[in-house]
Amino acid sequence: MKVLVSDSVSQGAMDLLKKSGIDVTYEEVSPEDLLKRIPEFEGLMVRSRTKVTKQVIEAGKNLKVIGRAGIGVDNIDMPTATAKRIAVVNAPRASTISVAEFAFLHMLNMARGLSAADASMKKGEWAKKKFKGNELYGKTLGFIGCGRIGYEVGMRAKAFGMKMVAYDPYITQQVLDPASIKLTDLDTVLKESDFITIHALLTNETRGMVNAAAIKKMKKTAFIINCARGGIIDEKALKEALDSGNLAGASLDVFENEPPTGSPLVTHPKVCASPHIAASTKEAQEVAGVTTAEQMIKFIKGDKPEFIVNKEILK
Ligand SMILES: NC(=O)c1ccc[n+]([C@@H]2O[C@H](COP(=O)([O-])OP(=O)(O)OC[C@H]3O[C@@H](n4cnc5c(N)ncnc54)[C@H](O)[C@@H]3O)[C@@H](O)[C@H]2O)c1
């Protein structure tokens with residue numbers, strides 16, 4: 001069995017593939033070379049650099065499994081993979097803690113203005129009076145979407161003494177009880193929260209969900225954090241709300257277009273921006289690589305992988 005690893009993955013993942021008797025080639029091939037080389041391989045492991053297009057999948061005459069060492073499979077042509085009965089496996093839990101910690105970091109930063117204070121110091125200022133922040137203790141944190149990452153943010157916010165409300169139409173209160181998060185409707189989350197953190201999936205339902213009408217319902221003193229996916233917040237509406245003083249600030253790790261070249265939000269004084277790095281930790285990358293390798297090995301050996309994206313091919 002031959003597997004091509006065409007993006008850099010953790011050493012643990014490479015070792016695991018080799019240990020299970022797989023003939024592993026690691027080469028960051030160009031799109032042209034990938035098309036030429038892919039017929040040799042039964043497995044392909046990628047992160048996000050490699051684009052596994054329709055042409056690549058069709059050229060992969062021997063391809064049986066594609067591993068995505070991470071979560072999003074936007075770089076893989078899923079309909080073609082499924083039509084060819086090629087399994088696509090991933091590691092959906094690998095970055096949960098990293099993203100939760102990063103969203104929390106953004107929230108603390110919004111509350112205390114740490115990045116702005118640091119930028120001011122670097123300009124030679126000593127602007128003590130400018131940086132009067134807020135405590136998180138006793139404040140209400142609202143969640144839009146509260147799955148794996150939202151729950152972990154909640155566990156951390158509980159330790160900070162925050163009250164929590166969440167809107168997520170696809171989960172039950174029972175799941176959120178250990179984190180003391182109260183499941184409610186979207187309007188309550190918008191109206192009651194001092195901080196809103198988005199952890200929903202990007203779907204047709206959630207695209208543009210945080211629009212001008214939703215922002216209008218929020219407190220003028222509220223902060224919003226998006227470490228989920230660009231597109232859930234209507235960026236134009238967000239900028240207008242920040243400009244007009246209808247919202248206190250926003251922390252964004254994700255954008256409608258990435259990189260957000262020329263976006264007025266990135267340079268906005270009420271915005272703290274980061275370049276989609278919430279999941280970028282050594283730990284998350286290690287777990288993503290190893291989990292994906294495990295999943296690929298399971299499929300190759302004829303076992304059922306837990307994290308198969310196109311489950312329909314198992315039928
Ligand atoms: N910034 C990053 O680098 C990074 C890294 C990993 C994940 N993410 C993103 O974080 C988000 C959450 O990931 P997760 O692992 O917690 O996923 P998850 O599937 O565990 O949770 C997502 C939640 O969204 C909810 N949801 C779906 N439709 C909804 C709707 N209409 N309204 C409200 N909630 C809705 C689901 O019920 C689910 O509970 C995803 O958008 C994911 O793409 C970002």
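This structure is a prediction, so every number in the text was calculated from the model and none was measured. Just the heavy atoms: all of them, side chains too, but no hydrogens, waters or symmetry mates, feed the values below. Both counts, for ligands and for their atoms, begin at 1 and track the order of listing.
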Measure the spacing between OG of Ser263 and CD of Glu258 and express it to the nearest 0.5 Å. 11.0 Å
Sidechain-backbone polar pair: Asp253 side chain, Ile277 backbone, donor-acceptor under 3.5 Å: yes
Heavy atom under 4.0 Å from ligand 1: found in Met209's side chain, backbone, both, or neither? side chain
Using side-chain contact (heavy atoms from CB on, under 4.5 Å), reason through Arg156 and Ile97 one step at a time and then give a plain yes or no. CA-CA 10 Å; Arg156 284 146 186 80; Ile97 300 293; 3.7 Å; yes
Would you mind checking which non-hydrogen protein atom is closest to atom 5 (C) of ligand 1, with the distance to 0.1 Å? Val99 CG2, 3.3 Å
Is Thr203 close to ligand 1, meaning an N/O of one under 3.5 Å from an N/O of the other? no
Between Lys236 and Glu240, does at least one N-O distance fall below 4.0 Å, as a salt bridge requires? yes
Donor-acceptor contact present, side-chain Lys219 to main-chain Glu192, <3.5 Å: yes
Phe102 and ligand 1 - part of the residue with a heavy-atom distance under 4.0 Å: neither
For Arg229, atoms of ligand 1 separated by under 4.0 Å from a heavy atom: 4 (C), 8 (N), 41 (O), 43 (O), 44 (C)
Is Asp234 reaching over with its side chain to a backbone N or O of Ala237, donor-acceptor style, under 3.5 angstrom? yes
Check each of Ala228, Ser98, Ala166 against atom 42 (C) of ligand 1 and report the one with the nearest heavy atom. Ala228
Return yes when Ile144 approaches ligand 1 closer than 4.0 angstrom through a heavy atom, no otherwise. no
Just need the protein heavy atom nearest to atom 22 (C) of ligand 1, so name the residue and atom and give the distance. His199 O, 3.4 Å
Nearest non-hydrogen protein atom to atom 33 (C) of ligand 1, with distance, is Pro169 CD, 3.4 Å
Location of contacts on Ile277 toward ligand 1, heavy atoms closer than 4.0 Å: neither
Enumerated ligand 1 atoms positioned under 4.0 Å from heavy atoms of His276: 1 (N), 2 (C), 3 (O)
Looking at ligand 1, does any of its N/O atoms fall within less than 3.5 Å of an N/O of Thr206? no
Enumerate the atoms of ligand 1 whose separation from the nearest heavy atom of Ala279 is less than 4.0 angstrom. 3 (O), 5 (C)
For the pair Asn90 (side chain) and Ile71 (backbone), establish whether a donor and an acceptor sit closer than 3.5 Å, ignoring hydrogens and angles. yes
For Ala278, the atoms of ligand 1 under 4.0 Å from one of its heavy atoms are 1 (N), 2 (C), 3 (O)
For the residue pair Asp243 and His268, confirm or rule out a side-chain donor-acceptor distance under 3.5 Å. yes
Would you kindly specify which portion of Ser95 sits under 4.0 Å from ligand 1, judged on non-hydrogen atoms: side chain, backbone, both or neither? side chain
Could you tell me whether Lys36 and Asp33 make a salt bridge, using a distance below 4.0 angstrom between a side-chain N and a carboxylate O? yes
Given side chains that start at C-beta, do those of Ile300 and Glu42 come closer than 4.5 Å, heavy atoms only? no
Below a 4.0 angstrom heavy-atom separation, can you tell me which part of Ile149, side chain or backbone, both or neither, approaches ligand 1? both
Report the nearest protein non-hydrogen atom to atom 28 (N) of ligand 1: residue, atom name, distance rounded to 0.1 Å. Tyr170 CE1, 3.3 Å
To the nearest 0.1 Å, how far is atom 25 (C) of ligand 1 from its closest protein heavy atom, and which atom is that? Asp168 OD2, 3.2 Å
Among all protein heavy atoms in this structure, tell me which lies nearest to atom 40 (C) of ligand 1, with the distance rounded to 0.1 Å. Ala200 O, 3.5 Å
Decide, yes or no, whether a salt bridge links Lys282 with Glu286 under the criterion of side-chain N to carboxylate O below 4.0 Å. no
side-chain hydrogen bond (donor to acceptor under 3.5 Å, both in side chains) partners for Thr292, two or more places apart: none
Whether the side chain of Arg47 engages the backbone of Ser8 through a donor-acceptor N/O pair (distance < 3.5 Å, no angle test) should be reported. yes
Looking only at protein heavy atoms, which one is nearest to atom 31 (N) of ligand 1, and what is the separation? Glu205 OE1, 2.7 Å
Pick one of side chain, backbone, both or neither for how Leu201 approaches ligand 1, counting any non-hydrogen atom pair under 4.0 Å. both
Once you restrict to heavy atoms under 4.0 Å, what part of Arg148 touches ligand 1? Side chain, backbone, both or neither. both
Protein heavy atom at shortest distance from atom 21 (O) of ligand 1: Gly147 CA, 3.3 Å
Which of the atoms in ligand 1, numbered in the order shown and given with their element, are less than 4.0 Å from a heavy-atom of Ile171? 39 (O)
Where do Met78 and Val309 land on the side-chain contact (heavy atoms from CB on, under 4.5 Å) test, with the steps shown first? CA-CA 9 Å; Met78 288 304 300; Val309 185; 3.9 Å; yes
So, Arg49 and Asp7, do they make that salt bridge, N to O below 4.0 Å? yes
Looking only at N/O atoms, are Cys227 and ligand 1 under 3.5 Å apart anywhere? yes
